[in-house]
Amino acid sequence: MTIKEELARVVKGEVADDAASISAHAHDASLFSLTPKAVVYPRDAADVERLVAFVGAHPERKLSLTPRCGGTDMTGGAIGESIIVDFQKHLNRLKEIGDGYAVTEPGVFYRDFEKETLKHGLLLPSFPASREICTVGGMAANNSGGEKSLRYGKTENFVESLKAVLSDGREYEFGPLDKAALERKMDQDDFEGRVYRETHHLIESHYDVIKAAKPDVSKNSAGYYLWNVWDRKTFDLTKLLVGSQGTLGLITEIRYRLVHPESHSKLLVIMLKNLDPLPQIINILLKHHPESFESYDEYTMKFAMRYSRDFMKQLGAGAISLALQFLPEVRMILLHGFPKLIMLAEFTGDTEAEVDRKIASAQAAVAPLHLAAWPTRTEREARKYWTIRRESFNLLRKHVHGKTASPFIDDLIVRPEKLPKFLPELYRILDDYHLTLTIVGHVGDGNFHIIPLMDLTRPDVADVIRHLSKRVYDLVFRYGGSMTGEHNDGLVRSPYLEMMYGEKIYKLFEQVKKIFDPRDIFNPGKKVGASMDYALKHLKNK
């Protein structure tokens with residue numbers, strides 16, 4: 001009996017092992033390719049329970065389950081060599097929108113989720129740049145963040161509760177518990193009770209060490225967030241499951257807290273001829289509390305102008321209209337040369353007049369620096385900049401031939417006040433490799449997405465990835481930063497977690513994995529037990 005035939009007896013949903021399905025699930029948005037044995041499309045949470053129970057009952061076969069929704073993960077977190085569990089096909093219902101919250105299954109695309117919540121004047125503001133193609137389940141699994149995280153924080157701040165199937169094959173609900181409720185959970189004589197007892201003991205026994213291990217940055221997606229689970233008043237395992245990349249259990253339902261977005265916004269666009277004033281600009285503008293503070297570099301701008309037809313389609317603009325929209329950039333280039341960095345500071349308010357006052361104040365504050373800076377006038381003009389910023393990675397993947405947009409040092413973060421010393425050292429390291437690359441990011445957080453363009457068929461490509469990663473992360477850790485502010489660990493960064501946190505914290509991560517997943521059936525080789533040799537052997541085109 002084939003694995004497909006066995007799984008078809010277990011679940012009500014479909015099981016596929018045909019070449020097209022296997023190929024489609026062998027890749028995500030990362031550098032890697034892993035060929036699974038089968039793809040399962042669970043019909044409902046009960047299917048997920050049966051699937052987990054089946055895999056757990058046959059440890060000798062070393063089967064495992066890798067959850068997948070939109071497949072937009074940039075780290076290799078959504079691919080595996082055993083069974084892919086595709087939630088997008090059936091577990092894709094937005095169940096309820098209430099007063100400040102929504103209950104959803106993981107396979108709902110964020111674009112569809114947002115369309116419905118905005119009808120109620122509500123928003124989940126932690127969406128990433130891939131908002132048009134990612135799912136809300138992937139956002140929870142990766143602890144996604146994006147342009148509005150400067151003000152609102154990341155997805156972990158918006159998960160009020162969730163349901164997940166653990167390794168005993170049962171679905172449980174998780175949320176914040178006070179001391180009395182925690183005691184009741186720990187008194188249970190079952191698998192759930194053991195998870196609570198052992199997790200609480202682990203954190204309480206190493207409380208000060210764990211608290212001190214929290215990276216000193218505004219956002220972090222590296223490792224398991226043990227420091228957020230227990231403050232000796234509230235115990236909340238959602239803080240551990242969010243961002244765990246499906247390595248501790250399979251999420252089946254999420255209750256998200258939503259916010260009421262302000263109704264008006266405009267951008268203050270700033271173009272830098274050189275990067276010298278960057279730290280000063282950041283410090284000045286953060287005092288004016290922009291809702292978002294984004295950036296993209298000269299290479300991204302050049303790609304946008306070179307492939308302007310794509311932007312015409314997305315903006316709904318004709319050729320003449322598009323040309324008129326790029327006049328500020330053309331004027332800047334003619335007068336001062338191509339800018340090194342384009343910065344977008346978004347200001348919001350309940351009225352247009354309020355937004356105009358905020359932008360005027362911020363523009364006046366940076367005026368002594370004699371920069372090219374202007375506010376957007378219309379929503380379409382602002383959408384041009386947002387489209388360039390959000391679509392930069394997809395633009396690279398689509399149009400660059402012979403080289404691949406290669407995310408492996410793509411999400412580093414340090415505190416903004418450290419940028420004056422950090423950035424020159426970073427650029428010196430990058431210059432040693434003579435790579436064409438784009439740099440975009442959330443400049444207000446000190447979070448940069450560096451995407452080199454690489455020929456993955458070159459015989460030395462694995463060595464470049466290995467050596468450049470280590471040099472960049474050595475620098476990041478020396479400045480107290482994190483190697484991932486939003487994108488998580490997966491295959492590409494999990495091997496560096498011990499280097500980031502040290503042996504003691506990494507061993508605690510290993511213990512967490514054993515508590516939740518003693519048979520290692522959930523997305524193995526990510527977070528703990530990772531190998532850079534294994535990852536590099538599975539580069540695309542190798």
Side-chain angles (χ1 to χ4, degrees), residues 13-14 16 21 24-25 27-30 39-45 47-48 66-75 77-79 84-98 101-149 152 154-156 158-160 162-164 242-243 245-246 250-259 261 310 313-314 383 386-387 389-395 397-398 486-488 490:
E14 299 86 353
S21 298
H25 290 81
H27 311 279
D28 51 13
S30 73
V39 180
V40 176
Y41 305 89
R43 182 76 59 179
D44 50 27
D47 254 5
V48 180
T66 295
R68 180 183 178 103
C69 289
T72 60
D73 188 281
M74 296 173 69
T75 72
I79 55 177
I84 301 294
V85 187
D86 190 322
F87 287 89
Q88 193 274 317
K89 187 171 185 177
H90 295 303
L91 276 88
N92 57 12
R93 293 178 299 157
L94 176 51
K95 292 183 172 182
E96 179 185 359
I97 300 175
Y101 72 91
V103 179
T104 180
E105 291 177 330
V108 177
F109 282 105
Y110 177 81
R111 62 176 184 257
D112 300 325
F113 180 89
E114 183 187 83
K115 188 181 299 181
E116 294 303 315
T117 63
L118 286 178
K119 292 177 182 178
H120 298 260
L122 297 167
L123 178 73
L124 175 61
S126 60
F127 55 82
S130 58
R131 57 186 289 171
E132 294 300 317
I133 52 177
C134 74
T135 67
V136 293
M139 289 172 60
N142 273 340
N143 189 21
S144 295
E147 62 204 40
K148 293 188 180 296
S149 294
Y152 292 104
K154 300 204 313 167
T155 298
E156 60 188 333
F158 295 92
V159 176
E160 293 187 335
L162 60 79
K163 294 180 181 179
V242 171
Q245 286 196 306
L250 302 184
I251 295 173
T252 52
E253 183 181 285
I254 311 158
R255 177 181 165 119
Y256 278 117
R257 177 175 66 87
L258 308 176
V259 302
D310 280 7
K313 292 177 183 177
Q314 294 195 42
R383 194 163 71 247
W386 282 129
T387 301
R389 167 61 186 88
R390 291 166 179 164
E391 295 299 319
S392 58
F393 182 61
N394 285 332
L395 187 71
R397 287 200 298 168
K398 181 176 180 181
E486 304 170 340
H487 295 173
N488 220 286

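- For the pair Thr135 (side chain) and Gly107 (backbone), a donor-acceptor distance under 3.5 Å is absent.
- Salt bridge Arg255/Glu96: absent, no basic N to carboxylate O contact under 4.0 Å.
- In this structure, Phe158 and Val259 have side chains that are in contact, with non-hydrogen atoms separated by less than 4.5 Å.
- Within a 6.0 Å radius of NZ in Lys115, other residues, nucleotides and ligands contribute 12 heavy atoms or fewer.
- Of the possible donor and acceptor atoms, none in the side chain of Asn143 sits under 3.5 Å from a partner among the backbone N and O of Ala140.
- Side-chain contact between Ile251 and Pro67: absent, with no pair of heavy atoms (C-beta onward) separated by less than 4.5 Å.
- Using a 4.5 Å cut-off on side-chain heavy atoms (C-beta onward), Cys134 and Met139 make contact.
- Here Glu105 pairs with Arg93 in a salt bridge; the nearest charged N to carboxylate O distance falls below 4.0 Å.
- With Ser130 contributing its side chain and Ile133 its backbone, the two residues share no donor-acceptor pair below 3.5 Å.
- The CG atom of Leu250 sits 9.0 Å away from atom OG1 of Thr66, with the distance rounded to the nearest 0.5 Å.
- A distance of 9.0 Å separates CE in Met74 from OG in Ser30, rounded to the nearest 0.5 Å.
- Using a 4.5 Å heavy-atom threshold, the side chains of Pro128 and Glu486 count as separate.
- Annotation: the span from Asp28 atom CG to Thr75 atom OG1 amounts to 6.5 Å, rounded to 0.5 Å.
- Aromatic ring centres of Phe127 and Tyr110 lie closer together than 6.0 Å.
- Under 4.0 Å is where a charged nitrogen must lie from a carboxylate oxygen, and between Glu132 and Arg111 no such pair does.
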Test side chain to side chain contact (heavy atoms under 4.5 Å, CB included) on Ile79 and His25 and set out the steps. CA-CA 7 Å; Ile79 55 177; His25 290 81; over 6 Å; no

